[in-house]
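Just so it is clear: chains get the letters A, B, ... in the order the sequence lines come, proteins before strands, and each one is counted from 1. Everything numeric in this text was worked out from a predicted model, so none of it was measured.
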Number of protein chains: 2
Amino acid sequence: MPRAVVKPTEEADIRALSLFNGMTEESFQALFRGAYVQNFPPMIDLITEGDPSDFLHVITHGSVELFAEWNGRETTMATVRPVSTFILAATIRDAPYLMSARTLEKSRIVLLPSIDVREVFATDPVFARAIVDELAMCYRAVIKNTKNLKLRTSVERLANFILRNVSNGDGLATFELSMEKRRLASFLGMTPENLSRAIKTLQGYGVKVEGAQVTVHDVEDLTAFAKPEALIDDYST
Amino acid sequence: MPRAVVKPTEEADIRALSLFNGMTEESFQALFRGAYVQNFPPMIDLITEGDPSDFLHVITHGSVELFAEWNGRETTMATVRPVSTFILAATIRDAPYLMSARTLEKSRIVLLPSIDVREVFATDPVFARAIVDELAMCYRAVIKNTKNLKLRTSVERLANFILRNVSNGDGLATFELSMEKRRLASFLGMTPENLSRAIKTLQGYGVKVEGAQVTVHDVEDLTAFAKPEALIDDYST
DNA sequence: GTCCGAATTTGACCCAGATCAAGTTGAAGT
DNA sequence: ACTTCAACTTGATCTGGGTCAAATTCGGAC
């Protein structure tokens, strides 16, 4: 896998991320001086949990699954999509990765040496502020996820997942599942078999799933069942 | 509940926290100029989820439970003990609290206005660095907690909880439960009844629980069952 | 279009853990 | 010591969700 230079358009995409967009050009260049880019085929392990965190990863194309293992069991922790960073916390603390990562599709990843990230963090207050904002947001996202897991049943989690992915507003709404059902099941904390049954249960609330296409015929009805709440389901705050 | 000044010894305890100990005296004073302290009786609500985050809280005595509610259900998210801060992420992002907090015992809490925290963060790079470290650590703690919840059964979670609280090393080890069993149950994601049964199950691995006193007769044996792992159970990294 | 292997669904069954209903224990107040 | 009330434990039962096995469907490769 040969290293490659970062394309200018790519650099622009990355700079547009809230993590990078306020920093000085000088800092930005310092960060990208040691950076490189790689394309990966699907299902390639990028990171193994426990390894030292040498790079901050930025995904610019494709999709990456973050997962964790223990005692022969495996669970999906999150799916990462362009353009965003992952494993920021490990980079900051210079601590081992807590999660493994693999590509799901053909993906393009920018690797920024962790040491440079920490260096620029120390010298650019705007970048420092951005990192804190990003970390605080990630922290809050994980707390929300914990509440979701501990306070809701699997059918409720699925219902809220669907509502989050639906263009809210009027009556009929539809969207395409962005990952395989078995990964969705693992992410939601259930088995693939049980996801099938949960989908069937939600048919009673006007949800139809055909392949990856999900259609909600009565958003009102599903909302009444799912009881979504900003403090769990709004990922933007 | 009258506000009170922060005692010098208390100030010293707080300054000793990794979050504050590197900052300039000037910054520290700026942070404490608007601070005040309160004593609370047990079972007082300090924070309600959804409220705006006006203060960074520091507990200097007692204990505080962080919990969350949804649709009539409630779960314990964490128990906070002296000396440490809580709800840092909400303060940083100036976002609503995701969790509620109540005192478990008579407790003493220092309240630092969030606006001052953000102000000092912007001017003191050492403090900024410390906040990032703290946030990254908290983030990683929650990720570990998620792995614990999704990858382990309730008996396994209990076994690892006990091992974490035991002075590791030789054969016989003992410790005192620092919270009521029903809160421990909720924290571990199970019912009180089920915690009782889980304890009984672990008797087979040399665990004896009498009231709040937990004794492990054979740490080896329990460890073989619990399979603790740094990437889930080591809260220090 | 056909074939092949993986993903998904379905059905039957099972188990961890929840719920419900009594007990017990235990600690604080009198 | 006695009362009282909450916390805890125990037993019985129920159920959400997992497991296992057998279809069925789907998506690529040819």
Whole angstroms only, please: what is the [atom1]-[atom2] distance between [X] and [N]?
X         : N       : atom1 : atom2 : answer
Asn194(A) : dC14(C) : CG    : P     : 18 Å
Glu210(A) : dT8(C)  : CD    : P     : 16 Å
Leu202(B) : dG17(C) : CG    : P     : 12 Å
Lys200(A) : dT10(C) : NZ    : C1'   : 6 Å
Glu193(A) : dT9(C)  : CD    : P     : 10 Å
Leu188(B) : dA18(C) : CG    : P     : 11 Å
Leu177(B) : dA27(C) : CG    : P     : 13 Å
Leu195(B) : dT19(C) : CG    : C1'   : 16 Å

ask   = From dA18(C), dA21(C), dG11(C), pick the nucleotide closest to the side chain of Arg197(B)?
value =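 Closest nucleotide among those given: dA18(C).
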inquiry  = Using a 4.0 Å cut-off to any heavy atom of chain A, which nucleotides of DNA chain D are the first and last in contact, reading 5' to 3'?
reply    =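 Footprint of chain A along DNA chain D, 5' to 3': dG17(D) to dC20(D).
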query = Could Arg73(B) and Glu229(A) be called an ion pair, given the rule that one side-chain N must be under 4.0 Å from one carboxylate O?
reply =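 Not counted as a salt bridge, because no side-chain N and carboxylate O are separated by less than 4.0 Å.
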ask   = Do Asp13(A) and Arg108(A) sit within salt-bridge range, that is, some charged N less than 4.0 Å from a carboxylate O?
value =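 No, Asp13(A) and Arg108(A) are not salt-bridged.
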query = DNA chain D: Gly211(A) or Gly189(A), which has the more 5' nearest nucleotide?
reply =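 Comparing both residues, the 5'-ward one is Gly189(A).
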ask   = Do side-chain atoms of Trp70(B) reach the backbone of Lys227(A) as a donor and acceptor pair under 3.5 angstrom?
value =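 Yes; judged by distance alone, with no hydrogens or angles, the pair exists.
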key: Flag, side chain of Thr76(A) to backbone of Ser186(A), donor-acceptor distance under 3.5 Å   =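 Not a single qualifying donor-acceptor pair exists.
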message = Tell me whether Tyr205(B) at atom OH has more than 12 heavy atoms from other residues, nucleotides or ligands lying less than 6.0 Å away.
response =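 Check fails, neighbour count at 12 or below.
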inquiry  = Looking at Phe187(A), I want to see if its CZ is surrounded by more than 12 non-hydrogen atoms of other residues, nucleotides or ligands under 6.0 Å.
reply    =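 Counting neighbours around CZ of Phe187(A), more than 12 heavy atoms of other residues, nucleotides or ligands fall under 6.0 Å, so yes.
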ask   = Using a heavy-atom distance cut-off of less than 4.0 Å, which residues of residues 148-156 of chain B contact DNA chain C?
value =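 Those residues are Thr153(B), Ser154(B).
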task = Decide yes or no on side-chain contact (heavy atoms from CB on, under 4.5 Å) for His61(A) and Glu10(A), but give the supporting numbers first.
result = CA-CA 10 Å; His61(A) 299 276; Glu10(A) 221 154 34; 4.0 Å; yes
query = In Å and rounded to the nearest 0.5 Å, what is the CG to CD1 distance from Leu19(A) to Ile14(A)?
reply =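 Rounded to the nearest 0.5 Å, the CG-CD1 separation comes out at 11.0 Å.
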query = How are the rings of Phe86(B) and His57(B) set to each other: parallel, tilted or perpendicular (split at 30° and 60°)?
reply =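 Rings of Phe86(B) and His57(B): tilted, as their planes differ by 30° to 60°.
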